[in-house]
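Okay, structure first, notes after.
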Amino acid sequence: MALKGFASFAIRKAIAAIITIFAIVCVNFLIFRMVPGDPIRMMFRDPRITAEQMQLVREKFGLDKPLWEQFNCYLTELFQGNLGISFWQKRPVLEVIADRIPQTLLLVVTALAIAVILGTILGAIAGWKTGTKIDSFILGISLTLYSVPTFCMGIIFLLIFAFQLAIFPLGGISTAASGLTGFGYWKDVLWHMFLPAISIVLWYGGEYVLLTRSSMQDASGQDYITTARAKGLKESAVLRNHALRNALLPVVTITGVNLAFAVAGIIEAETVFSWPGVGRLVYDAVMKRDYPLLQGTFLVFAVAVVLANLVVDLIYGYIDPRIKVGKSE
Amino acid sequence: MRKRESLLALIGTVVLVLTLSIPVMQCAPAAEEEVTPPPEEEVTPPPEEEEIQYGGRLNVGFPAEEGIETLICDETWQYTEMGCVFWPLVYDQLWILGPAPDYEPLPRLATSWETEDGKTWTFHLREDATFHDGVPVTAEDVAFTIEYLPQADPAWAYPDCICEPGSIKAIDDYTVEFTLEATIGGPYPAAFWMPIFPKHIWEPYKDDMLSYANYPLIGSGPFKLKEFKPAEYIWFEANEDYWGGRPYVDEVVFRTYGSEDALYMALKSGEVDIIGYSGCSALVVDDFRETENIEVIVSPGIGMVWLSFNLYKDGPLQDLNVRKAIMHGIDRDRMIDLVYLGYAEKVDSFMYPELADHNPNLPQYDYDPDLANEILDEGGYIDTDNDGIRNDPDTGENLSFELIVPSDWTDEVKAATLIKEQLEDIGIDIVMKVLDLDTFYEYLYVPEEELYDIGFGEEEPGPHADWIWEFGRSYEAGGEGWNTAYYDNPDFDEALDKMLAEVDTTKRREYLYEMQMMMAEDLPYGFLVRPDLINPVRTDKFEGYVETMGGVSTWINPWTYFEVHLK
Amino acid sequence: MLKFLRELEKVKGFFQLLLTNKMGVVGLSIFALFAIVALFAPFLHTVDPSKTGAVENILLPPCHQFWLGTDDLARDIWSQVIFGSRVSLVIGFLAAALTVLVGTLIGLMAGFYGGRIEEVLMRIVDFFMMLPMLPLMIVLAAILGPSIWNVIFVVSIVSWPTTARVIRSQVLSLKERAFVEASRCIGASDSLLIFGEILPNVVPLMFAEAVLMVTEAIYAEAVLAFLGLGDPTTVSWGMILHFAFESGTMSRAPWWVVPPVACICTLILGFTFLGTAVSDVLKPGYREIRGL
């Protein structure tokens, strides 16, 4: 019964996600038809390109057909995993993006994991001790950090730790042409990752503190906490076994939605520290006005967020049966 | 043994040429202020007696937006800084431009060449050159490249390598002959600035060369590609089997930095030894002067900056007097002081002032706001509605022009700010429109779409610069997108064609003088400045940086990489 | 009419409550400070911020004449920062106003009419909330071209759905309340119900949303300008930062970088404090709706 309920819940969620992705694909297609001027003309720096040559390229990119056919073609290609060809790099967009995904995942997963763990712990403490000095201290710090855009934080870090103190590298993912392998290489990468990761951690962690804190406040006001306390349980046990558990549920749901925001931090941090990931690619694509690539990165980010949300929804639905019932019936 | 001799001879030439070039360099007015003591290698005894040490790794930094992300032979090899410096290291050419000040054509893969009429060319190749995979370089490879590379991307299609169909012949293994569509006169042979590709590798991709990823890269140049990491670095190593002997350094690494600051810090800390192309901003030159182990080399620039007046668009800009007034209204001295901190010189033509083909008698448009006001008053451009801006007597509209400039050209954006400020004083309103580079070029290269009034122009003609005059060829006479001013003067077109086909240097010069005069009088382009190149280089490990116009590392100067060596 | 005034009293009460909140006071003070600075910009030891200066004044550190030093064209950074506050505040307020206006209108429609309209509108809202904001803003800004009006437009088009969702939830609960039912019974028209009965009750929510949107907008302007998508002819904090970053003199001239960063952060912090205070005052309902 429960499993059947979950299956139908999962299917409904999956269908919703697919519809959303389809809508994203449509929007993505349409936005890029709004580009002013002739994108083919913009592909070439050289003025001597002739009308025939441009026509050839236009045909190659399928831009000579009517809008509807272009859309059709775009969908078919997309289905086959073809996101078009980058104006700038002259190779498939998917390939260009795929080259950058591992670096971004490395940075993001590390930074977000640290941010979530630190943020949740600090937020839980603050929420549990609402109104105390510790609470105001943690709240003040995290509100402040949360208010500093990642790129501002990045610039300040770069200025202090890389330029003035010279204890961290000036950017990039590893020492150029170091020839390092194995452990040495990873140590080098970690050293390069420190500043970009910390800028994301501070900003994103601040947000998590705020989330957990308010969730904790709500949870600690609930009946079962009072009951638990009345039963004479130790304060730490109440916190661990009752309050925290319940407070974390909403935090988990929010994680998916928050990924949409985390994307901003990734783009900013990768740009400031020239981390060769997908975020930096967005910046490059903007600078080079490489519309297929920009389109591709946008699609990748949007789909990643939708899928992450789907996963979070499913996990949440599986853990907490109330959700299923509440939403499906 | 012969190899070593030829290399030494080459070094001899370079050093000699460099020594000769010192007085010329110092003549450049902008460089005067800062008389660089002659770099050490120029006063060292002749190379025959010197023991030059092999080894070391030369690290070179580039700004990230000028890096390359693939090894595809597209226009990035022409239009990005890293692109146009990297391939001359790994690919040999038939001949290359020698160092300053003569910039003579020097044999590379070709040992000699001849032509009777400037159309049919025969090149004799050296027999000891091999590709990095050991296969000898033959006439087949040269014929293949000349036939297919210009078709690969318009950026490779220059008149000196576009041949009549079917005319490219490998006469024997080491002789190649082809007939150009256009006549090439002048001091330089055909097929300039062209990498020679190995046919045995490229054959399958000949119809769409851009579809070949080109990795692992096989060239025939003095360096081999060791490793390429997109968005990170390119790693070269010395080619032990190079016909001219291996270069002195073991390795060269090109890498990119996300910001100018990071690049400068890298140089200061020794992470890189030179900045790959455009040197540093004049704002930080004092810092580098004070830094230990860094020498600042100031060279006359290779880039020229001008304004293109859109003459296609109807309006007051059609009136030569308005264009004259604008030029008299721009204070270029202040521009040089404020934007370039003195590191620039005024120019009046596409031709570098120190070259013999530069016409010294061109009319000058010096800063003279009174004269500018007078010209405009006489032309009837009076401020009739008292808003501080003059009005067009015909339409009554404000004398207001849209000036486009790309956001990437930070110095030109600053210059545009200054121009706007200065032209306000003579009652002309400038609306500054800062565009991204691609949109900028899109606007600029289609003047008939009337997308701009005045556009900034910046090109690096180089010493072998016949192509720059295409900026003046009218569209009726076969002009291509380069004519951003929409200049239309049949006399100019005629002189241009004659100049291109002329073999005799004196006659050629006459035509060039004539063309420069026409341009200066008709003012389709308002020439502004030629910024110096400020190259801070590290001197703790290496010496022997070679300087030409444009600095120690440009598309015309691979010499630094060939000559630099451990101290 | 009398009723409307009574509703307004409620709104006033909300603001009074806000002033008793410590964070609210800090936030409001920061905002007031910047508002005063922006308003009296010409009287605060400033010169024309885009006027280039003398050669010898290029990149001067802070001194008596130039309180925050000068940039690479010898322009006064103090004046740029002061006048930049105008741009940031204007963008912040216009974008917030536009966002909240559109969001409220759609939220009201969806909540009040329900049914098919609600279904469709909310699907759109859900869809927009799923999109990663910054990439969407970047894409739009790249296509529309650099100007502060485009920034305002871009921020609004990306942000209205959250507001719509919040307002709708509130409207749903208001609709069932006795006073709305009562008015409906005496035959009040839909528009009267919406604008006379329900709207005044969502004003505090609108205010809360507006506060959050201001931070969004200030941030968006700064980050778009930093990424090179700003309008270089407008003196804004983001543009100052962008020019400093491009000039290659950041490490030499920190006085060019620190003031705009400090201003962006302080102003966002002010509005974040204000926002936290507002949601504290409105709690717990608001938090639940907003998902905070």
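Note on naming: letters A, B, ... go to the chains in the order of the sequence lines (proteins, then strands), and numbering restarts at 1 for each one.
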Sole residue of B:E271, B:E251, B:E237 in salt bridge (charged side-chain N to carboxylate O under 4.0 Å, His left out) with B:R57: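 Going through B:E271, B:E251, B:E237 one by one, the salt bridge (charged side-chain N to carboxylate O under 4.0 Å, His left out) with B:R57 is satisfied by B:E251 alone.
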Side-chain donor/acceptor of B:D273 to backbone N/O of B:L58, under 3.5 Å: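 A pair under 3.5 Å: no.
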Donor-acceptor under 3.5 Å (B:Y475 side chain, B:N483 main chain):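 The answer is yes, because a donor-acceptor pair under 3.5 Å joins these two groups.
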With a 4.5 angstrom heavy-atom cut-off, which part of [X] approaches chain A: side chain, backbone, both or neither?
X	answer
B:W482	both
B:T439	both
B:D261	both
B:Y79	both
B:K229	side chain

So what's closer than 4.5 Å to chain B heavy atoms on [X]: side chain, backbone, both or neither?
X	result
A:W88	both
A:A177	both
A:S174	both

B:T256 OG1 to B:E69 CD distance, which is reported to the nearest 0.5 Å: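 If I round to the nearest 0.5 Å, the distance is 7.5 Å.
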From CA spacing to verdict: salt bridge (charged side-chain N to carboxylate O under 4.0 Å, His left out), A:R100, A:D284: CA-CA 12 Å; A:R100 302 286 192 98; A:D284 289 336; 3.7 Å; yes
Ion pair A:R91/A:D99, N-O distance below 4.0 Å: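 Here A:R91 pairs with A:D99 in a salt bridge, since their nearest N and O are under 4.0 Å apart.
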